[in-house]
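Below, chain A is the first sequence line, B the second, and so on; all start at residue 1. Computed from heavy atoms alone, side chains included, the values below leave out hydrogens, waters and symmetry copies.
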There are 2 protein chains.
Amino acid sequence: MLSERQKQIIIESINVIDALGIQGFTIKNLAKAINLSEAAIYRHFKSKTEILCAVLDNFISISSDFLNSIRETDSGSLEKIKQIFEKLSANFSDNPAYVSIIFAEEIFKSEKMLSEKVGKILKRNNDVFNLIIEDGQKNNEIEKKVESQELTLMVMGAFRLMVKNWKMSDFSFDLKESSKKLFISIETLVKNNNF
Amino acid sequence: MLSERQKQIIIESINVIDALGIQGFTIKNLAKAINLSEAAIYRHFKSKTEILCAVLDNFISISSDFLNSIRETDSGSLEKIKQIFEKLSANFSDNPAYVSIIFAEEIFKSEKMLSEKVGKILKRNNDVFNLIIEDGQKNNEIEKKVESQELTLMVMGAFRLMVKNWKMSDFSFDLKESSKKLFISIETLVKNNNF
DNA sequence: AATGTAAGTAAGTATTCACTCACAAAATAA
DNA sequence: TTATTTTGTGAGTGAATACTTACTTACATT
């Protein structure tokens, strides 16, 4: 289990990366953010790589719980996608620093173990959407003229690009509102009307 | 104008960033890739930031020419999108290292000027797609139930995610084929059938 | 042949990096 | 109280960083 100090280090690491980029993520800057000596950091993590690893594991565990809880509900496929959009946009609005971590896979290129972990996150998210959409097609809820993998690309891709635009614009629009609007558009396009 | 040596430095910079990430993009590694001394680099660029700046300018000029040439043709909107998809996927297939640069906006966080430049690239690409889609809606070629900005998010977002997946999978599938498939799916969904 | 210049280098500079170590204070256990 | 463990620190380490300096070489122009 993670100690309180370790959790704090993870949170501040995300903040430092968000503010200064991966090049600004140094032990010195991290220690300054926590108001601790550099040496003290090493009482809680044995290396910088281990900190980055913990940052990713933290994200994996949070999003796993969330995705599983949605998959288990007995709502329809479109309703599930709507819930994912709502939850994710709410989370990012509350904690914008997370965006830097989640959409900047290149950050973790330094270590093979880290970039593999990121690859798995991306693949798992893809699989979750794909399963939901496949179910929707079987239930005649979602358009069947287009393969589920292509629909997944559009749904995930559009959401990711929206979040990226939000960040690049310095969070100048309401992400939750945009997210709602995007979902309605997606629903309009992919809903099966021939049934 | 850029000298031959400067062009070489730009190309090798892209290769180094692609291979080692932004953290591995050091003057030492760059010099090694060109087989030149570190000091010699500074005969051609006065700083590392200036090299990164040249890398971005190089990309801007290439893609500007390309996007403008497509916008000027008198093909339909969907045909234009198809051409963009074809051209981009062909370019990435020929020069995979470029993907690292174009989809890794975080690389350029170190300097404000660089990150602004990246923001402008993203916005311009968005505007190009948006204009094409708006035209298509006016001509009753593209579905009007969904706003053009939302369609733009889906088209650009899906394409970007496809390229990202390609890279994360170590280029394990044929990008040009996937791109073709994605376009057909998009066409199926957004084509106006009520006219 | 003499001169100017572009393009190169070896060997530095100062600074920053991740990380270590000897030791001290504080919390916990006996 | 005393002993032990946990958590902290200041002052280092060697390696790496971007960049500079003093100097050399290759070559074109006069």
Do the rings of A:Phe159 and A:Phe92 sit parallel, tilted or perpendicular, given the 30° and 60° boundaries?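 Tilted, since the angle between the ring planes falls between 30° and 60°.
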Using atom [atom1] of [X] as one end and atom [atom2] of [N] as the other, report the distance to the nearest whole Å.
X       : N      : atom1 : atom2 : result
B:Glu4  : C:dA7  : CD    : P     : 12 Å
A:Ile41 : C:dT20 : CD1   : C1'   : 15 Å
B:Tyr42 : D:dA18 : OH    : P     : 6 Å
A:Gln23 : C:dT16 : CD    : P     : 15 Å
B:Gln6  : C:dG8  : CD    : P     : 11 Å
B:Lys32 : C:dT9  : NZ    : P     : 15 Å
B:Lys28 : C:dC17 : NZ    : P     : 17 Å
A:Leu52 : C:dA18 : CG    : P     : 10 Å

Say whether A:Thr49 and A:Ser47, considering side chains only, have a donor N or O and an acceptor N or O under 3.5 Å apart.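 No pair is found: no donor N or O on one side chain lies under 3.5 Å from an acceptor on the other.
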Consider only side-chain N and O atoms of A:Ser100 and A:Lys167, and report whether a donor and an acceptor are under 3.5 Å apart. yes
Base, sugar-phosphate, or nothing: which does B:Phe25 touch, judged by heavy atoms less than 4.0 Å apart?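 The answer is sugar-phosphate, as B:Phe25 gets under 4.0 Å only of primed atoms, P, OP1 or OP2.
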What contact category does B:Ser37 fall into here, base, sugar-phosphate, or nothing, at under 4.0 angstrom with non-hydrogen atoms?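 B:Ser37: base contact, heavy atoms under 4.0 Å.
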Ignoring backbone atoms, test whether B:Arg5 places a side-chain nitrogen or oxygen under 4.0 Å from the OP1 or OP2 oxygen of C:dG8.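 Yes, because at least one side-chain N or O of B:Arg5 sits under 4.0 Å from OP1 or OP2 of C:dG8.
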When you check the phosphate oxygens OP1 and OP2 of C:dG8, does a side-chain N or O of B:His44 lie under 4.0 Å from one of them? yes
With the side chain of A:Arg43 defined as its heavy atoms from C-beta on, choose the nearest nucleotide among C:dA22, D:dA18, C:dA18.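 Of C:dA22, D:dA18, C:dA18, C:dA22 is nearest to the side chain of A:Arg43.
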From D:dC19, D:dT9, C:dA18, nucleotide with atom closest to A:Lys48 side chain: C:dA18
Do B:Lys87 and B:Gln83 come close enough that some side-chain heavy atom pair is under 4.5 Å? no
DNA chain C nearest-nucleotide lookup for B:Ala39 and A:Asn29: closer to the 5′ end is B:Ala39
Stepwise side-chain contact (heavy atoms from CB on, under 4.5 Å) check, A:Ile81 with A:Ile133: CA-CA 9 Å; A:Ile81 292 173; A:Ile133 289 172; 4.1 Å; yes
